[in-house]
Amino acid sequence: MTEALAYTDGAVHVRVPAKINLHLGIGPLREDGYHDLTTVFESISLYDELTATPAAGLTLTIEGEGEDTLPTDRRNLALLAAAELAAYAGVETGAHLHLRKRIPIAGGLAGGSADAAAALIACNELWGASLTPAELDKLAAALGSDVPFCLHGGTALGTGRGEQLHPVLSMGTRHWVVATADGELSTPAVYREVDRLRELGEGGYHDDVDALLAAIRTSDPDAMATALHNDMQPAAVGLMPSLKDTLQAGLDEGALAALVSGSGPTCLFLARDERHAGVLAKRLTLRRVAKAVHVAESPVAGAGVVGG
Ligand code: C5P
């Protein structure tokens, strides 16, 4: 976890990356409404930035992705995270949070969870609350299943509902093309579709990540391409059939592998190296199968401070 620094204007600036799942295995529906997961998270170089400044009360403004649609009250995970931290630490001063959002919303990249992680780190520093990493992890897990990973970043095996993290030895850098979609997919709706398909006997729980962990240790792109897997993909494609064409377009244009990111609808294409990713991104842009096409690399560090 990177330590935050306070600057002379009293503001704390935090940059937080999106996450992808190199493997997403979905277990059966639990009694608490969640699914057990076997997942391999990785942070990718698409970032949101959050600035926290001292203020009376708790307020939030947003620019960029979702600025016209996202709530700015406690329905927003960033503001809720700040409120939960204040309550836990007994902080009575407030903060104004300003979010510069680049991570597509409802895209399967954990943008909302990333913002919650950024708010925890920023407010812990701004208020001098001195919560330990273990305390931040606990608050993070209560906010959402992906929030603990967003605090830490890098590469990690996730179990439980995704909040239990285990270290993974990772070598080298992976290069991606990230294609966002016109439209959103609600994570609970995609989980419900996974359950519906399972009831029809379609799909199963893939919890073997040995080949993937070996590929991560060597960073061999061909081994990685074979090992990438997402149990949610058939459900996401079922709910948004245009994703099938997007995934196929990437393969036609030379991607080593194509998969839906998390619950989608963002699609990920693995490239051999940085140059290949650039070529692939240009070709996919010309195919007009995505709302926007980005090049990105993984793994990157989790939520941390940017220069003041
Ligand atoms: O944990 P989070 O609030 O991000 O989860 C949002 C929703 O996604 C949950 O309410 C649940 O419907 C679904 N979910 C799940 N199993 C998980 C994680 C999330 O069913 N492991």
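Read the numbers this way: they start at 1 and go in the same order the structure lists the ligands and their atoms. Hydrogens, waters and symmetry mates are skipped; everything else that's a heavy atom, side chains included, is used.
Side-chain contact of T187 with S263: a donor-acceptor pair under 3.5 Å is present, judged by distance alone. Side-chain contact, E42 with S298: a donor N or O sits under 3.5 Å from an acceptor N or O. For the residue pair D208 / H206, no side-chain donor-acceptor distance below 3.5 Å is found, with atom types taken as modelled.
Each of the atoms 1 (O), 17 (C), 18 (C), 21 (N) of ligand 1 lies under 4.0 Å from some heavy atom of R161. The contact set between ligand 1 and G144, taken as ligand atoms under 4.0 Å from a residue heavy atom, comprises 1 (O). Of all atoms in ligand 1, listed by their number and element, those nearer than 4.0 Å to a heavy atom of S145 are 1 (O), 2 (P), 4 (O), 18 (C). Every atom of ligand 1 is numbered from 1 in the order shown, and the set under 4.0 Å from a heavy atom of L37 is 21 (N). The contact set between ligand 1 and Y34, taken as ligand atoms under 4.0 Å from a residue heavy atom, comprises 1 (O), 5 (O), 9 (C), 14 (N), 15 (C), 16 (N), 17 (C), 18 (C), 19 (C), 20 (O).
Counting only non-hydrogen atoms, the option in A189, G160, P188 that gets closest to atom 7 (C) of ligand 1 is P188.
Of the protein's non-hydrogen atoms, Y191 CE1, 3.3 Å is the one closest to atom 14 (N) of ligand 1. Remark: minimum distance from atom 11 (C) of ligand 1 to any protein heavy atom is reached at G33 O, 4.0 Å. Distance from atom 16 (N) of ligand 1 to its nearest protein heavy atom, with residue and atom name: H35 N, 2.8 Å.
In this structure, E63 places its CD atom where more than 12 heavy-atom neighbours from other residues, nucleotides or ligands lie under 6.0 Å away.
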*Please step through side-chain hydrogen bond (donor to acceptor under 3.5 Å, both in side chains) for the pair T61 and H96, ending with a clear verdict.*
CA-CA 8 Å; T61 48; H96 175 68; 3.0 Å; yes
*Would you check, one step at a time, whether the test side-chain contact (heavy atoms from CB on, under 4.5 Å) holds for N76 with L97?*
CA-CA 11 Å; N76 189 299; L97 308 182; over 6 Å; no
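Of all heavy-atom pairs spanning L80 and R74, the tightest one is CB-O, 3.5 Å.
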